[in-house]
Structure formats: C-alpha cells, structure tokens
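Only one structure is covered here, and it is reproduced in the block below.
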Amino acid sequence: MAFLRCTGCDGVFDADRPLHTCPECDSLLEVRYGELPALDLSDPSPESVWRYRDHLPVEPLVTLDEGGTPLYSAEGLAEWVGLENLHVKHEGMNPTGSFKDRGMTVGVSKALQLGVPRIACASTGNTSAAMAAYGARAGVDSYVLLPAGKVALGKVSQALIHGARVVAVRGNFDDALRLVREVCSSDEMYLLNSVNPFRLEGQKTVAFESVSELGKAPDRFVFPVGNAGNISAAFKGLREWLDLGMIEELPRMTGVQTEGARPLVDAYESGADDVTPETDPETLATAIRIGNPVNGRRALQAIRESGGTALAVTDDETVEAQRKLASLEGIGAEPASAASVAGLKKMVERGVVETDETVVCVATGNLLKDPEEAVEVSPAPVETAAELGAVKHAVGL
Ligand code: AN7
C-alpha cells in the first residue's frame, strides 16, 4: 500500500488526499510503500512504464503506451567521448517525444483516481506537451503556464493542439512555477509539476528499464538537469531496487547543466545541501533554462549518496554533442538532452569517469521538439536550379 511521506518533517499522509506539499511544513512529499515485492526481471513481457506497476502507486487509468524506449549501444559516440561502453536511452521516443510521458501516465492516472476536474503545470515545454496529451486522453481540462517566448516551437504546438489552455507568462519558468503553485492551492486544480510525488514515481521507470535491458545496473547514469525531478526519481527507484536486492550497487548519479543555468552544479561544488536560486538563467537549451530547481535538495542527496557528480557545459559544447548524437548514431535529441553527452565527454577528459565504466546517458527529448534550433546550427540547404547539371554539381558529381 502506498502512502505519502514528507521529506522535511517525516509526517505520513494518506495517498488519497490531493496534496501538493506537506500540510504541516510545506516540504515536498514522497510516495512510500509498506512493502514492495521483488520483481522477476527475466519475465519476458516487453519494457514499458506499466511493466513495473507493482512498484507504482496507482492503476493505469490513462496510458499512451509510454516507456519501452530504445537503449542504444552507441559505439561511435563512445569513441568520440572516450569510453568503451556507452549506451543512450532515447527518451525522445516516448509518445509525446520526451521522458515526461513516464510521469504523466502515472500523475494523470492519479488525477483521475482522485476525481479532480482540472490539471495544471508550469513548463519549459515538454511537461506541458505531455500533460496536454494525457489530459486530452483522460478527458480532463489542462492549463499550462509557459515562459513567454522561451519555449521551443514543437512543444508549444503540442500543448495547443491537444487542447490545453495555454498562458504565456512574461517571466521565466521559475516565475511560472511559483504562480501555478499558488493557482493550484485549492482542490479545484491538480498540480502536475515534479513537486507532484506521483509523477516522479512514473519517471523512476527509466532507471528500471535501463537495468533490465542491460541485465545489471550500469556504473553511471548521466541526466540533464533542470528542475532536478528526473535524476531524483531515477535515484529513488534505484534505492528501492537496492533495498530489494534487485541490484547490487547504486549507479553513480551524474547531473549536467549548462553554464547559463547551473544552480545545482554550484550547490554541489560548494558542498551546500540545498540550492541557492539563480535569478536570471539563460541557455540555448530552453528545456533546462531553470534557476530554482524544486527538487534540488533531493538531487544533491542522490548525487552524493551514489558517489556521482554534477557539472556544467557551454551551449557550444551542447550543440556539438547534439550534432555528434545525430551524425554518429542517428539519434535525434533536443539540446538539453545532448547536454548529458557533452557533460560526459568533459568528465572523461577530466578523468572523473573511468574509460571502462558502463554508462547510460539519458537523451530526454526528441530533436523535433526544437526544429528551429536544429536548422540554425546546421549548414543551410544548397539551393539550385531545377536542372540536372546544377543538381549534379550541388551533390559533387
Ligand atoms: C528535454 O518541461 O522542466 O531535471 O517544464 O524537457 O526533471 O526537470 C523540462 C525539463 C531535461 C530536465 N531534458 O528534467 C518542463 C521541464 C528535457 C527537459 C529536462 C527537461 P528535470
């Protein structure tokens, strides 16, 4: 049986109360289980979020067949990075094109079970796209707050076409999140940002699938970090599996941010146990243009407890990694996703990562989310006359 536990005061609450934070101390809540069964990973059923339903807190009331994303062995990229054994979990292959679907199938199922009429989130884009799609499928009204002018085109188009009410806030993501948390303070509107403990339960399945597909836990996971929900969720799942004896060691949890939005990296480097917010985050990787990660404290714990690390990369390094993913492996990832690969390369160069480690890089979102950026960083198409000689010349014949 699942229940909620406060990460601040350790208070315990019924999982069927529509709580966003602890009613006693306002800290984040976490889903806990009385007892989890050990799972038999040799069971041949295909990978998916709901393959792990015995380790999830709700029944699948709404699904778009999320999870089961490819785990590619990336030899060309491994060579570029300087590793022997690199895998890329392509979360951009989820139904709406990002890892957020794992959380939304669980979070929106919880909303249906609670019978809430409306769901809401603030978003740098992917959360809103996923929530709008799952809201549509569930028949629930969706409301999203986006930082005006700072969300990639593909993501805005998804939120709109799936029928969410889209509000563009003249501020950044952190402003939008602060506002939506206030808007959701009554029972009328259910908040689906990563403060929502049920959403994070779904997201832990990216770690489950990776372990199951590799046949063991990797030595290291590398995540791009924005609000720090995904890395915290994966770590929670891995701890649960460690406690059950399903894995023998915790993989090193590694978080990558960009130089323009690096509050978690700063906190990690300074030895702080919580994040000091950055007021003016800026990066080409708009998905992780976040200055005040709500799950920062948890992510720091995950990184330190697992012997991992956090580091920042430049936007140029991010774009270079995005192009290498695309050109060496055929993996189309949006900039934020590629930051994980850029960070990994830097860690190998610095000797922080051993060359014989088995590493899983999580490519969180699809290239098609941000087509404008991809065009901008690529050579322009060669335009020719509609005539054989000109075309032959253009293709170098
Ligand atoms: C592609 O959609 O925060 O550290 O509002 O879209 O769990 O926040 C997106 C985040 C990484 C960071 N990669 O994950 C949102 C949002 C991509 C993302 C992240 C995001 P978290």
Side-chain angles (χ1 to χ4, degrees), residues 69 89-94 96-104 107 120-133 144-147 150-152 154-156 158-159 164 169 172-177 180 191-196 199-200 202-204 206-207 221-236 253-258 261-265 275 281 283-296 298-300 302-303 310 318 322 325 332-343 361-370 373:
T69 55
K89 185 73 170 158
H90 194 356
E91 289 291 281
M93 299 296 279
N94 273 296
T96 78
S98 87
F99 71 101
K100 303 286 182 181
D101 296 340
R102 293 183 186 274
M104 281 304 164
C121 69
S123 181
T124 58
N126 280 324
T127 301
S128 69
M131 196 191 77
V144 311
L145 272 63
L146 304 179
K150 290 291 184 179
V151 177
K155 306 174 189 180
V156 181
Q158 289 177 289
V169 176
N172 60 29
F173 168 82
D174 303 298
D175 297 316
L177 182 57
V180 80
L191 182 62
L192 278 166
N193 279 101
S194 57
V195 292
N196 183 308
R199 217 196 84 190
L200 289 186
Q203 283 178 211
K204 70 189 183 182
V206 70
F221 275 105
V222 187
F223 289 90
V225 172
N227 232 349
N230 209 27
I231 191 169
S232 307
F235 182 68
K236 180 177 187 287
M253 305 306 278
T254 306
V256 184
Q257 297 193 299
T258 57
R262 45 172 290 164
L264 186 87
V265 176
V275 167
T283 167
L284 156 139
T286 53
I288 51 174
R289 185 176 171 270
I290 294 175
N292 187 13
V294 284
N295 290 290
R298 273 196 255 205
L300 286 167
I303 289 167
T318 300
Q322 182 192 28
L325 269 164
E334 67 167 287
S337 311
S340 62
V341 175
C361 254
V362 182
T364 43
N366 200 290
L367 174 75
L368 298 175
K369 292 284 192 168
D370 197 349
E373 180 271 346

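For ligands, and for the atoms within them, numbers begin at 1 and follow the listed sequence. Just so it is clear, the model here is predicted, and its values are computed rather than measured. As a basis for the values below, the full set of heavy atoms in this structure was taken, side chains included, without hydrogen atoms, waters or symmetry mates. Position 1 is the first residue of the sequence, and the numbers go up from there.
Only the side chain of Lys100 comes within contact range of ligand 1, with a heavy atom under 4.0 Å; no backbone atom does. Only the side chain of Ile288 comes within 4.0 Å of ligand 1, counting heavy atoms alone; its backbone N, CA, C and O stay farther away. Under 4.0 Å from ligand 1, not a single heavy atom of Asn193 appears. If you look at Ala228 next to ligand 1, the close heavy atoms, those under 4.0 Å, all belong to the backbone. With a heavy-atom cut-off of 4.0 Å, Phe223 does not touch ligand 1 at all.
Atom 14 (O) of ligand 1 has Phe99 CZ, 3.4 Å as its closest protein atom, hydrogens excluded (heavy atom only). Protein heavy atom nearest atom 7 (O) of ligand 1, with residue, atom name and distance: Asn230 N, 2.8 Å. Shortest contact from atom 12 (C) of ligand 1 to any protein heavy atom: Gly226 N, 3.4 Å. Among all non-hydrogen protein atoms, the one lying nearest atom 11 (C) of ligand 1 is Thr364 OG1, 3.6 Å.
At least one donor-acceptor pair closer than 3.5 Å links the side chain of Asp174 to the backbone N or O of Gly291. Under the 3.5 Å distance criterion, the side-chain polar atoms of Glu373 are left unmatched by any main-chain donor or acceptor of Pro335. Using modelled atom types, no side-chain atom of Thr69 and backbone atom of Met93 make a donor-acceptor pair closer than 3.5 Å. Judged by distance alone, with hydrogens and angles left aside, the side-chain atoms of Asn227 form a donor-acceptor pair with the main-chain N or O of Val294 at under 3.5 Å. Using modelled atom types, no side-chain atom of Asn193 and backbone atom of Val195 make a donor-acceptor pair closer than 3.5 Å. With hydrogens and angles ignored, the 3.5 Å screen pairs no side-chain donor or acceptor of Asn366 with any backbone N or O of Lys369. Checked by atom type and distance alone, the side chain of Arg199 never pairs as donor or acceptor with a backbone atom of Gly107 at under 3.5 Å. Counting only distance, with no hydrogens or angles, the side chain of Gln203 and the backbone of Ala234 share no donor-acceptor pair below 3.5 Å.
Of all atoms in ligand 1, listed by their number and element, those nearer than 4.0 Å to a heavy atom of Glu334 are 1 (C). Less than 4.0 angstrom separates some heavy atom of Gly229 from each of these atoms of ligand 1: 4 (O), 7 (O), 21 (P). Close approach of ligand 1 to Asn126 is summarised as follows: ligand atoms under 4.0 Å from at least one heavy atom of the residue are 1 (C), 2 (O), 6 (O), 17 (C), 18 (C). Atoms of ligand 1 found under 4.0 Å from any heavy atom of Ser123, numbered from 1 in the order shown, are 2 (O), 5 (O), 15 (C). Close approach of ligand 1 to Asn227 is summarised as follows: ligand atoms under 4.0 Å from at least one heavy atom of the residue are 4 (O), 8 (O), 21 (P). Using a 4.0 Å cut-off to heavy atoms of Thr127, the atoms of ligand 1 that qualify are 2 (O), 5 (O), 15 (C), 16 (C). The ligand atoms of ligand 1 that sit less than 4.0 angstrom from a heavy atom of Ile290 are 3 (O). Each of the atoms 4 (O) of ligand 1 lies under 4.0 Å from some heavy atom of Val225.
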List the steps, then state whether side-chain contact (heavy atoms from CB on, under 4.5 Å) holds for Leu191 with Val180.
CA-CA 8 Å; Leu191 182 62; Val180 80; 3.6 Å; yes

Report the C-alpha separation of Arg298 and Lys236 in whole Å, then their side-chain angles, then the decisive distance to 0.1 Å, and conclude whether the side-chain contact (heavy atoms from CB on, under 4.5 Å) test is met.
CA-CA 9 Å; Arg298 273 196 255 205; Lys236 180 177 187 287; 5.5 Å; no

With side-chain contact (heavy atoms from CB on, under 4.5 Å) as the criterion, how do Phe99 and Asn230 come out once you've worked through the C-alpha distance, each side chain's angles and the decisive distance to 0.1 Å?
CA-CA 9 Å; Phe99 71 101; Asn230 209 27; 3.4 Å; yes

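An N or O contact shorter than 3.5 Å is missing between Ile231 and ligand 1 by distance. Between Gln203 and ligand 1, not a single N/O pair is under 3.5 Å apart.
Between Thr258 and the choices Val265, Val225, Thr283, the side-chain contact (heavy atoms from CB on, under 4.5 Å) rule is met once, by Thr283.
A distance of 8.5 Å separates CG of Asn126 from OG1 of Thr286, quoted to the nearest 0.5 Å.
A heavy-atom separation below 4.0 Å is not found between Ser98 and ligand 1.
Among Thr124, Leu177, Val151, the residue whose heavy atom lies closest to atom 5 (O) of ligand 1 is Thr124.
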